[in-house]
J.: 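Take a look at this one; I'll ask things after.
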Amino acid sequence: MKKMKMKTGKTPADAGEGRPGFNARSALNGSYAMGMTGMILALILVINLITGALPAKFTKYDLSKSGLYTIGEETKEVLASLSEDVTLYFLTKSGSEDTTIETLLKEYESESGRVHVKKVDIIADPTFTPAYTEDTVPANSVIVECGEKFRIIDYYDIYMTDMQNGYSAEFDGEGQITSAIASVSSGEHSAACVTTGHGEILLSKSMQDALAKADIETRDLNLLSSEIPGDCDFLIIFAPMQDFTPEEAAKVRNYLANGGHALIVSVPDAQEMTNFGSIMGSYGVSVLNSLVLERDPEHYMEMPYLLLPNVSALSEVTDDVSGMNIISAYSAPISTAESQDAAYTVLPLLSTSESAYLKPLDTDTIEYAEGDVTGSFLLGVQVEQTLSVTGHGAPDIDLSGESEEEKKGEDVPITKILCYSTPCIFSSDAFSSILQTQVSMPEGNMALFAESISYLADRQITVSVPAKSMMNATITVSEKTANLLGNVYMFVIPGVILAAGAFLMIRRRAK
């Protein structure tokens with residue numbers, strides 16, 4: 001009997017069943033996984049390369065509460081108006097760069113194609129800074145250059161130190177850099193003469209910084225020995241403690257009558273200063289020797305002599321600060337007289353509520369009492385005089401260079417005066433002495449100061465960027481850490497994905 005052979009239906013490919021062998025489907029799946037992993041890796045590398053080429057403003061985020069690494073709208077306006085290239089030289093010592101300043105500089109470069117940042121190692125290139133100045137310039141300072149003009153921003157002007165506690169309390173990087181850019185890229189320049197010789201309170205650092213940011217040069221002026229120079233754009237008479245001589249007062253009155261501008265700040269003092277008072281008296285304005293206090297709790301803070309005044313909307317000086325808090329401490333009242341002379345006008349700037357009251361400077365108590373003079377009192381005024389060439393005015397105004405069309409009936413603004421009744425309105429030193437502790441001026445006060453000097457300088461000063469507090473917690477990443485994180489994202493994570501794909505493929509093949 002013949003044995004029957006049964007066909008099993010196996011193909012040659014199945015002959016090795018039960019033994020490890022080649023599986024086409026598994027190989028295909030593995031190749032697909034490997035290919036996809038490679039594509040993902042390539043895609044991640046491309047994304048990282050593209051991201052690295054993007055400007056910093058699209059790839060870096062400021063997580064600090066005060067915005068240390070972010071530029072504001074005023075800065076963006078200055079950068080948008082640039083018509084020439086500006087170079088920011090970051091002076092460094094390799095390995096000890098201030099990352100906060102460097103990050104901020106990159107923001108400027110990202111915002112405008114006109115701004116270029118260049119790092120200069122002052123150790124490797126010791127001849128660089130002597131080309132700009134004979135003074136020693138510390139590392140992490142910045143030189144801002146446009147054409148033939150430049151300004152050096154000292155590292156120690158960028159960080160504002162708390163003098164009482166001895167540590168950096170504010171970061172003024174944006175304010176310093178933006179004002180320097182505006183200065184070197186603009187032909188506008190002003191000079192202010194600061195009177196001396198009468199016990200005047202020195203301008204505080206915040207005031208000096210604001211003037212420097214506005215590109216206003218300050219010069220000391222002794223009226224006893226000098227005339228007011230012709231290139232003086234405006235006078236600053238800041239809280240004199242002694243009276244002027246008749247000759248000094250006459251110089252100031254003549255300067256104002258011939259088109260001069262002045263910031264005049266008084267200090268409440270029982271001493272009668274007749275000659276000094278005659279300067280503002282020429283315009284019907286006088287500062288009374290009394291102390292203004294408030295009863296309305298919405299118009300003072302903590303103590304009734306720390307006034308929160310009403311801010312007038314009638315003047316261009318206060319128009320942009322009307323919504324800001326301004327403190328006027330230890331203030332005297334200002335009185336104005338009705339004048340028949342239509343050549344000048346007096347406008348209020350700051351005033352108290354109707355619940356304010358006056359006390360003598362030598363008072364033993366600041367509590368309100370029956371009989372105290374009450375009402376709304378002025379704390380700051382603006383005086384402006386105009387001269388018609390066919391009408392009122394000072395005879396010394398020279399219009400000989402004007403055309404007949406320009407002379408005919410034209411009104412020319414000639415006198416601008418801003419009068420405030422306390423140095424505490426702008427001086428942090430004076431304000432601190434009242435409170436008997438070191439304090440900074442409120443932002444509203446410094447904004448008012450910036451608007452005041454802009455008005456007196458006869459030009460729009462757009463730079464009044466305040467310093468930013470460093471008291472809030474900030475998140476910073478060092479360059480070393482940033483490189484480490486970059487390598488993790490570019491190589492480690494894709495490597496893990498690739499290894500996982502290979503592991504899955506091997507497991508499938510083993511089954």
Side-chain angles (χ1 to χ4, degrees), residues 192-211 216 218-224 228 232 234-245 248-249 251-253 255-256 260-281 283 285-292 305-307 309 317 326-335 349-350 361-362 377-383 416-436 438-442 445-446 448-450 452-453 456:
C193 293
V194 185
T195 63
T196 62
H198 315 96
E200 288 94 339
I201 294 177
L202 297 177
L203 304 186
S204 65
K205 187 179 186 304
S206 57
M207 296 174 67
Q208 294 176 31
D209 288 344
L211 288 161
I216 297 175
T218 55
R219 310 170 188 165
D220 288 345
L221 175 64
N222 189 320
L223 291 168
L224 273 177
I228 300 174
C232 175
F234 62 95
L235 277 178
I236 297 179
I237 305 175
F238 199 75
M241 299 295 186
Q242 290 94 41
D243 199 8
F244 284 42
T245 66
E248 288 177 310
K251 288 180 182 180
V252 176
R253 289 197 304 270
Y255 166 77
L256 294 173
H261 302 166
L263 172 65
I264 300 178
V265 179
S266 297
V267 58
D269 197 322
Q271 176 187 351
E272 289 292 336
M273 294 195 287
T274 307
N275 297 319
F276 172 64
S278 70
I279 297 171
M280 291 304 302
Y283 303 93
V285 176
S286 60
V287 180
L288 307 179
N289 287 326
S290 300
L291 182 64
V292 182
Y305 53 78
L306 300 178
L307 311 177
V317 177
I326 294 174
I327 298 176
S328 184
Y330 203 70
S331 308
I334 297 174
S335 70
L349 297 177
L350 305 174
L361 295 177
D362 59 354
F377 302 100
L378 294 173
L379 307 175
V381 296
Q382 167 191 319
V383 177
K416 288 183 176 182
I417 308 172
L418 298 179
C419 177
Y420 298 96
S421 65
T422 175
C424 298
I425 192 72
F426 298 133
S427 171
S428 56
D429 297 334
F431 193 28
S432 297
S433 68
I434 293 296
L435 298 181
Q436 297 185 337
Q438 189 68 34
V439 296
S440 299
M441 292 306 301
N445 290 62
M446 295 317 299
L448 177 61
F449 183 70
S452 296
I453 61 179
L456 295 171

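Values in this document were obtained by computation on a predicted structure and should not be read as measured data. Atom set for the values below is all heavy atoms of this structure, side chains included, hydrogens, waters and symmetry mates excluded.
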J.: With Phe449, which residues qualify under ring-ring contact (aromatic ring centres under 6.0 Å, His included), at least two apart?
T.: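 For Phe449 the ring-ring contact (aromatic ring centres under 6.0 Å, His included) partners, ignoring immediate neighbours, are Phe426.
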J.: So how far is it from Met207 CE to Ile236 CD1, rounded to the nearest 0.5 Å?
T.: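 Going from CE on Met207 over to CD1 on Ile236, the span is 6.0 Å.
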J.: Do Phe377 and Leu288 have side chains that get closer than 4.5 Å, going by heavy atoms?
T.: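 The answer is no, as the side chains (C-beta and beyond) never meet within the 4.5 Å cut-off.
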J.: Would you please name every residue forming a side-chain contact (heavy atoms from CB on, under 4.5 Å) with Ser421, sequence neighbours left out?
T.: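 Listed in chain order: Val287, Ser331, Ala332, Ile334, Leu379.
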J.: Indicate the atoms forming the closest heavy-atom contact of Pro333 with Ser290, along with that distance.
T.: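 Here Pro333 and Ser290 meet closest at CD-O, 3.4 Å.
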J.: Taking side-chain contact (heavy atoms from CB on, under 4.5 Å) as the definition, give me every residue that meets it alongside Leu221, ordered by chain and number, with sequence neighbours left out.
T.: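 Per chain and number, Leu221 pairs via side-chain contact (heavy atoms from CB on, under 4.5 Å) with Cys193, Leu223, Ser226, Ile228, Pro229, Leu235.
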J.: Please evaluate residues Phe431 and Asn445 with respect to the criterion side-chain contact (heavy atoms from CB on, under 4.5 Å), reporting the C-alpha separation (whole Å), side-chain torsions for both, the decisive distance (0.1 Å), and the verdict.
T.: CA-CA 11 Å; Phe431 193 28; Asn445 290 62; over 6 Å; no
J.: If we only count heavy atoms from C-beta on, is the Met273 to His198 side-chain gap below 4.5 Å?
T.: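 No, their side chains stay 4.5 Å or more apart.
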J.: For residues Leu211 and Leu203, determine if any side-chain heavy atom of one lies less than 4.5 Å from a side-chain heavy atom of the other.
T.: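 Yes, side chains in contact.
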J.: With no hydrogens and no angle check, just 3.5 Å: does a side-chain donor-acceptor pair link Ser428 and Ser440?
T.: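 No.
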J.: Quick one: CZ on Phe244 to CD1 on Ile237, what's the gap to the nearest 0.5 Å?
T.: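 Separation between the atoms: 4.5 Å.
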J.: Nearest 0.5 Å, what's the CD1-CD1 distance between Ile434 and Ile327?
T.: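 Reported value, rounded in 0.5 Å steps: 12.5 Å.
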J.: Can you name the closest pair of heavy atoms from Ile417 and Met280 and give their distance?
T.: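 It is CG2-SD, 3.5 Å.
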J.: Kindly write out the residues that satisfy side-chain contact (heavy atoms from CB on, under 4.5 Å) with Leu291, not counting sequence neighbours, or none if the list is empty.
T.: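 Once residues adjacent in sequence are excluded, the partners of Leu291 under the side-chain contact (heavy atoms from CB on, under 4.5 Å) criterion are Leu293, Tyr330, Leu361.
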J.: Would you check if the side chain of Ser432 reaches a backbone N or O of Val439 as a donor-acceptor pair within less than 3.5 Å?
T.: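 Side chain of Ser432 to backbone of Val439, a donor-acceptor pair under 3.5 Å: yes, one is there.
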J.: Are Cys419 and Tyr283 packed together at the side-chain level, in the sense that at least one heavy-atom pair is separated by less than 4.5 angstrom?
T.: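 In short, these two side chains do not touch, never coming nearer than 4.5 Å.
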J.: The criterion is side-chain contact (heavy atoms from CB on, under 4.5 Å); which residues satisfy it with Thr274, sequence neighbours excluded?
T.: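 Thr274: side-chain contact (heavy atoms from CB on, under 4.5 Å) contacts with Asp243.
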J.: How many angstroms lie between CD1 in Ile216 and CZ in Phe234, if you round to the nearest 0.5 Å?
T.: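 Answer for the CD1-CZ pair, Ile216 versus Phe234, is 4.0 Å.
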J.: Taking C-beta and beyond as the side chain, do Ile425 and Ile326 meet within less than 4.5 Å on heavy atoms?
T.: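 A side-chain contact under 4.5 Å exists here.
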J.: Taking side chain to side chain donor-acceptor pair (under 3.5 Å) as the test, write out the residues that go with Ser206, two or more places apart.
T.: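 In terms of side chain to side chain donor-acceptor pair (under 3.5 Å), with neighbours along the sequence ignored, Ser206 is linked to Ser204.
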J.: Does Thr195 have any side chain to side chain donor-acceptor pair (under 3.5 Å) partners at least two apart in sequence or in another chain, and if so, which?
T.: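 Only Glu200 meet the side chain to side chain donor-acceptor pair (under 3.5 Å) criterion with Thr195.
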J.: Do Asn289 and Glu272 come close enough that some side-chain heavy atom pair is under 4.5 Å?
T.: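 In short, these two side chains touch, coming nearer than 4.5 Å.
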J.: Would you check if Val317 and Leu448 make a side-chain contact, meaning some heavy-atom pair closer than 4.5 Å?
T.: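 They are in contact (side-chain heavy atoms under 4.5 Å apart), so the answer is yes.
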J.: For residues Gly199 and Met241, report the shortest heavy-atom separation together with the two atoms involved.
T.: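 Heavy atoms only, the tightest pair is O-CG, 3.2 Å.
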J.: On a heavy-atom basis, which atom in Thr422 and which in Val265 lie closest, and how many Å separate them?
T.: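 Reported closest heavy-atom pair: O-CG1, 3.4 Å.
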J.: With sequence neighbours excluded, tell me which residues meet side chain to side chain donor-acceptor pair (under 3.5 Å) with Ser427.
T.: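 Result, side chain to side chain donor-acceptor pair (under 3.5 Å) vs Ser427: none returned.
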J.: CG/Leu256 to NZ/Lys416 distance, rounded to the nearest 0.5 angstrom?
T.: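 Output value for this atom pair is 13.0 Å.
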J.: Any pair with a residue in residues 421-433 that passes salt bridge (charged side-chain N to carboxylate O under 4.0 Å, His left out), sequence neighbours left out, goes on the list, sorted by first then second residue, please.
T.: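 Qualifying pairs, neighbours excluded: none.
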J.: Rounded at 0.5 Å granularity, tell me how far CZ in Phe238 sits from OG1 in Thr196.
T.: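 Going from CZ on Phe238 over to OG1 on Thr196, the span is 15.0 Å.
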J.: With Ser452, which residues qualify under side chain to side chain donor-acceptor pair (under 3.5 Å), at least two apart?
T.: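 Side chain to side chain donor-acceptor pair (under 3.5 Å) check on Ser452 returns Tyr420.
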J.: Of the non-hydrogen atoms in Ile453 and Ala210, which two are nearest, and what is the gap between them?
T.: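 Looking at all heavy atoms of both residues, the shortest contact is CD1-O, 4.0 Å.
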J.: Which heavy atom of His261 sits nearest to which heavy atom of Leu456, and what is that distance?
T.: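 Between these two residues, the closest heavy atoms are ND1-O, 2.8 Å.
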